[in-house]
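Start at 1 and go down the list; that is how both ligands and their atoms are numbered. Any value given below was found using the heavy atoms of this structure, including those in side chains, with hydrogens, waters and symmetry copies removed. As the structure is a prediction and not an experimental result, all values here were calculated from the model.
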Amino acid sequence: MVAASYHQKPYRRVMMETWGGQVVASPSDLTQAGKAVLARDPDTGGSLGIAISEAVEDAATHPDTHYSLGSVLNHVLLHQTVIGLEAKQQMEQAGEGLPDVVIGSCGGGSNLAGLALPFVPDCGGANGGSGPRLVAVEPSSCPTLTEGRFEYDFGDEAGMTPKILMYTLGHEFIPPPIHAGGLRYHGDAPIICNLVKNGWMEAVAYPQGKVFEAALQFARTQGTIPAPETAHAIRGAIDEALAAKEAGEERVILFNYSGHGLLDLSAYDAFLHGQLVDV
Ligand SMILES: Cc1ncc(COP(=O)(O)O)c(C=O)c1O
């Protein structure tokens, strides 16, 4: 588990331990990749790229161990498209047809692509048509799509994975320890990057203070507490709604509620008590 999340989200560790897992903070001294990072910076909060290096190394050096990636690779995104296929049916059932905007938070790209990819054939995209706009929302402290370079890069810090053509901040980039740990990845899935590069998808970035303002507004009006990652999509959805109001337009906005925040209450605690910093 990435060290920043290991310390910020202890109950996730407890859940894994409850089900019999052994959890170590990454970087750890159990792998060569982890040791190399610790030698450079013993107090680092780690990154998803470092954790992937450690996991790949562990799998490669233990014959009974396999490694499965939960995002970034295109086939993972395609598995997730059941979300968008179902959302399309739900939109029809709600009598709305196609949405005007489809929004998701983007860490590696799986929840966003899962929702958005089934709408690609309907959207105008680079051709300037009138279909739904697709919007990726990322943290401004890890601005892969909005500020990264489009080039081949490793998926992990140590350079053990094949190189991937994507927007990247560099595989050695260690993002600040924001609470949306799932969005602290230096790259993004190639499908998402290609959609952005070719004008089919937009990308916006927000600092975490603005994101938590949206999270609170949502929790107080809807009753459920969103994960900090999810709150990025909510920020995007609220801003789309405000822009529509300003323009005097009706806009149907579909966003992905990717997870609850009941294991992230320490982040809410920090925000509510003025201890959450924008980095
Ligand atoms: C609740 C939640 N939403 C979104 C994400 C972002 O990941 P992805 O871009 O792969 O969907 C994560 C990642 O951990 C997450 O935990």
For atom 10 (O) of ligand 1, grab the closest protein heavy atom and report residue, atom and distance to one decimal in Å.
-> Ser71 OG, 2.4 Å
Below 4.0 angstrom from a heavy atom of Asn111, which ligand 1 atoms are there? Numbered from 1 as shown, please.
-> 4 (C), 6 (C), 8 (P), 9 (O), 11 (O)
Salt bridge flag under 4.0 Å for residues Lys88 and Asp122 = yes
Give yes if a backbone or side-chain nitrogen or oxygen of Leu112 is under 3.5 Å from a nitrogen or oxygen of ligand 1, and no if not.
-> no
The reported gap from OG in Ser47 to CZ in Phe173 (rounded to nearest 0.5 angstrom) is 9.5 Å
Among Phe271, Phe212, Tyr268, which residue meets the side chain to side chain contact (heavy atoms under 4.5 Å, CB included) test with His179?
-> Phe212
In the protein, which heavy atom is nearest to atom 12 (C) of ligand 1, and how far is it?
-> Glu229 CG, 3.8 Å
Atoms in ligand 1 flagged as close to Gly109, the criterion being non-hydrogen separation under 4.0 Å | 8 (P), 9 (O), 10 (O)
What protein heavy atom sits nearest atom 1 (C) of ligand 1, and how far away is it?
-> Ser258 OG, 3.6 Å
Give the atoms of ligand 1, by number and element, whose distance to some non-hydrogen atom of Leu183 is under 4.0 Å.
-> 6 (C)
Parallel, tilted or perpendicular: which fits the ring planes of Tyr257 and Phe255, with parallel below 30° and perpendicular above 60°?
-> tilted
For ligand 1, which atoms sit closer than 4.0 Å to a heavy atom of Ser105?
-> 4 (C)
Side chain, backbone, both or neither: the part of Val72 lying under 4.0 Å from ligand 1 by heavy atom | neither
Please determine if Asp264 and Lys9 form a salt bridge, counting it only when a charged side-chain N lies under 4.0 Å from a carboxylate O.
-> yes
N or O contact, Cys106 vs ligand 1, cut-off under 3.5 Å = no
Side chain of Glu240, backbone of Val101: donor and acceptor closer than 3.5 Å?
-> no
With only distance considered, is Ser110 within less than 3.5 Å of ligand 1 through an N or O on each side?
-> yes
Cut-off 3.5 Å, side chains only: do Gln208 and Ser141 have a donor facing an acceptor?
-> no
Just need the protein heavy atom nearest to atom 14 (O) of ligand 1, so name the residue and atom and give the distance.
-> Gly182 CA, 3.3 Å
Side chains of Ser28 and Glu54: is there a donor and an acceptor less than 3.5 Å apart?
-> yes
